[in-house]
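Single-structure report; data block below.
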Amino acid sequence: MRSEELGETLLPKRLALPIFASDPLSSVAYATQEILLVLTLGGLAYLHFTPWIAGAVVALMTVVVLSYRQVVHAYPSGGGSYEVVSRNLGPSVGLVVAASLLVDYVMTVAVSVASGVDNIISAVPELAGHRVLLALGFVAILTAMNLRGVRESGRTFAAPTYLFIGGVLIMVITGLIRYVLGDAPVAESARYGISAESGDAHLTGLALLMLVLRAFSSGCTALTGVEAISNGVPAFRKPKSKNAASTMAAMGIIAIVMFVGVTTLALVAKVHITDDACRLTGLDGSCENYTQRTVIAQIAAAVFGGEHSVGFYFIQAATALVLILAANTAFNGFPLLSSILAQHRYLPRQLHNRGDRLAFSNGILALAVVAGLLLWGYRANVTSLIHLYILGVFTSFTLSQIGMVRHWNRELRTERDPAPRRRHHTARVINALGSVVTGLVLVIVLATKFTQGAWLAVLAAITLWTMMRGIRRHYDATAAELAVTDPKDELIPPSRVLGIVLVSTIHKPTLRALSYARAFRPNLLEALTVSVDRDEAAALRERWEEYGIEVPLKIIDSPYREVTRPVVDYVRSIRRESPRDIVAVFIPEYVVGHWWENLLHNQSALWLKSRLLFTPGVMVTSVPWQLNSSERANRPTGRAPGAVRRGEPQNPRPVGSRPTTPGAG
């Protein structure tokens, strides 16, 4: 796609919702489960805290969604939390948000895919042994689809997201109707008890508080990805801010309804789930061979009439698919944020470039590689990965809301119109409340998850922050070093140009390099060879004189059979004698058509170039000689990736066809 076609990739709200909101919508599938898994550490006695914890999560989500709607309107350029914090709290604090979000986007891919695979295994337990392979395969598929472009991936992902929403709402309504009619659904695990992890089911005081707070922090996974819409405002159709805010409101309402419905049904159906199947009491067989179904799978089986019902398989298929596709939120957010950071010189500039399909291809590939390594290292285990999750999200939540408060304070100092001032006051109150609430949650998450593995996410964010600061310093130093102060000083020509053609033997590439060097008309031109064998050097000189080559040949003895060092030392000696002269070194090289041929040729030339490039005042020129294999490799065989960007014709001429000339025939 041409750069001018970027406008055609802008998204309507119906496609933006599944692209940017699939993560918070899909987290309904495991947020309730994470709350129950923590509460059952004390046995079944503490499940009565579930409604209160779920209510706190809903209240928190409401505050965050309202707060980010203010961000969307105030900063529509797409930087989201990073831009808000950088402008209002300073670049260093903005980098804290950026590092936290980048780490969390990686975790979004890992947790979403691993959770999706879990739901597949709940439907087909025989696949449990292929967990890691399935997870890596899904990451590869997501990567390929996102490389096709944002709009194309949106069309592909829209149907599964809407099917999941519809399926969960039907399940919730059906289950609640059955409960009201006196036929409450009963989960398959309702008959099992759960023994306390520590053996003591009577927790009081601080221990009970920590258990509840830990369950709340795990339930806050329902909020992951909420900020993605604020990062993706530029991808919306006009009016961008209004459409993005409407999409965020729709996302919040749908996510809250589904989360409350699933949590209610989990309590009604008496779902009992634990992190270790051997803590279940009343099992018929061995606990080592028992695979617990996910909470949403147990609810679906209870509501729709068993594990072999059509409704059960539909919910499992839709859940697994939407969880895997939820990683698409990160596949859009990570490249966008990386592109902005690269534009600000905090990440390599390659991350700012768009690919053939106008997607940020390098960012997509980087995310896929890191997430794949994480899934492989943690064996695609959701319980292990979840502890690394959500810390970065609440760091960005808290700092962005503090930044928005400062933003509204600044606006109020200059605004005199009463109507806008009332809106600004209301927005400031919302953001102030958001900063307090999310700050408390951040403290809770850090306190309850740090020793569980969240320290690794903190370490990764600190490392990334330090690396980005170092990259910025490098780019700034390079820019200062390359800045032109006086063009006249830089345009002073050298005193002389001394040309050196490197020679190993007399053949066609050597003669071409000599001819090319002479065409430059240097002030002095000589051929240079290194003698590692006196007889070969003597034979070369005889042939040189026999052919009558007018360029003088200089032979450097190398008793230790080195080639690179004598050439480099000789070139540097010329520079020491004449610092104002330029030395132009011409190196003949073969151009080959097969990758393995590169292993057989040009190795000395590559090493020489790498050494000479570090020598000031030395210009290195490669003089290519195309072997026959390179001609075969250069024949057009069809559209290759990147053909449009390289300027190749839209419909290349098929191999063997005859060219046509205007007016011929």
Side-chain angles (χ1 to χ4, degrees), residues 1 5-28 61-81 83-84 105 108 112 142 145-146 148-170 222-259 318 321-323 325-337 339 357-360 400 427 430:
M1 298 183 70
E5 297 177 273
L6 184 60
E8 297 180 15
T9 67
L10 297 180
L11 301 169
K13 288 177 284 187
R14 69 178 186 279
L15 290 182
L17 183 68
I19 287 178
F20 291 110
S22 56
D23 182 21
L25 293 176
S26 66
S27 63
V28 170
M61 181 176 287
T62 303
V63 171
V64 169
V65 169
L66 290 174
S67 299
Y68 267 97
R69 278 171 56 86
Q70 309 303 321
V71 174
V72 165
H73 286 295
Y75 294 93
S77 59
S81 300
E83 184 178 1
V84 171
Y105 280 137
T108 295
S112 296
L142 285 168
M145 296 179 72
N146 275 280
R148 289 292 299 161
V150 175
R151 191 177 182 87
E152 285 74 9
S153 63
R155 287 171 176 162
T156 304
F157 300 157
T161 303
Y162 287 123
L163 286 174
F164 171 73
I165 294 172
V168 170
L169 292 178
I170 291 171
L223 277 75
T224 56
V226 168
E227 82 294 335
I229 291 177
S230 66
N231 292 334
V233 177
F236 282 79
R237 286 181 178 173
K238 295 180 180 180
K240 295 177 181 290
S241 295
K242 181 181 178 182
N243 288 335
S246 300
T247 304
M248 181 165 282
M251 173 207 69
I253 293 170
I254 295 170
I256 287 172
V257 169
M258 290 197 299
F259 173 68
L321 196 55
V322 80
L323 279 169
L325 297 185
N328 196 56
T329 297
F331 271 104
N332 284 280
F334 183 97
L336 277 170
L337 181 57
S339 172
R357 300 293 300 177
L358 297 176
F360 295 108
S400 67
I430 292 172

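Along the sequence shown, residues carry numbers from 1. Note that this is a predicted model, so its numbers are computed, not measured.
- Note that the CG atom of Leu321 and the CG atom of Leu163 stand 8.5 Å from one another [nearest 0.5 Å].
- The line from CE of Met61 to CD1 of Ile253 is 12.0 Å long, rounded to the nearest 0.5 Å.
- Summarising the geometry, atom CD1 belonging to Ile256 is positioned 8.5 Å from atom CE belonging to Met251; distances are rounded to the nearest 0.5 Å.
- Residues Phe334 and Thr108 fail the side-chain proximity criterion, which asks for heavy atoms closer than 4.5 Å.
- Just one residue in the list Val257, Val322, Leu25 forms a side chain to side chain contact (heavy atoms under 4.5 Å, CB included) with Ile165, and that residue is Leu25.
- Within the 4.5 Å cutoff, the side chain of Phe331 has heavy atoms near those of the Leu142 side chain.
- With hydrogens and angles ignored, the 3.5 Å screen pairs no side-chain donor or acceptor of Tyr105 with any backbone N or O of Leu337.
- Judged by distance alone, with hydrogens and angles left aside, the side-chain atoms of Ser339 form no donor-acceptor pair with the main-chain N or O of Pro335 at under 3.5 Å.
- When side chains are defined from C-beta on, Leu17 counts as touching Ile254, because their heavy atoms get closer than 4.5 Å.
- Ser27 places a side-chain N or O within 3.5 Å of a backbone atom of Ala222 that can act as its donor or acceptor partner.
- With rounding to the nearest 0.5 Å, the separation of OG in Ser246 from CZ in Arg69 is 6.5 Å.
- Using a distance-only test at 3.5 Å, with no hydrogens or angles considered, a donor-acceptor pair links the side chain of Asn243 to the main chain of Arg237.
- Val28 meets the side chain to side chain contact (heavy atoms under 4.5 Å, CB included) test with Met258, Phe259, Val262; sequence neighbours excluded.
- Contact detail for Val72 and Ala244: the closest heavy-atom pair is CG1-CB, 3.6 Å.
- Here the OH-OG distance, from Tyr68 to Ser81, works out to 2.5 Å after rounding to the nearest 0.5 Å.
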Criterion side-chain contact (heavy atoms from CB on, under 4.5 Å) on Arg14 and Tyr162, from CA distance to verdict: CA-CA 10 Å; Arg14 69 178 186 279; Tyr162 287 123; 4.0 Å; yes
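- No side-chain heavy atom of Ser67 sits under 4.5 Å from any side-chain heavy atom of Val71.
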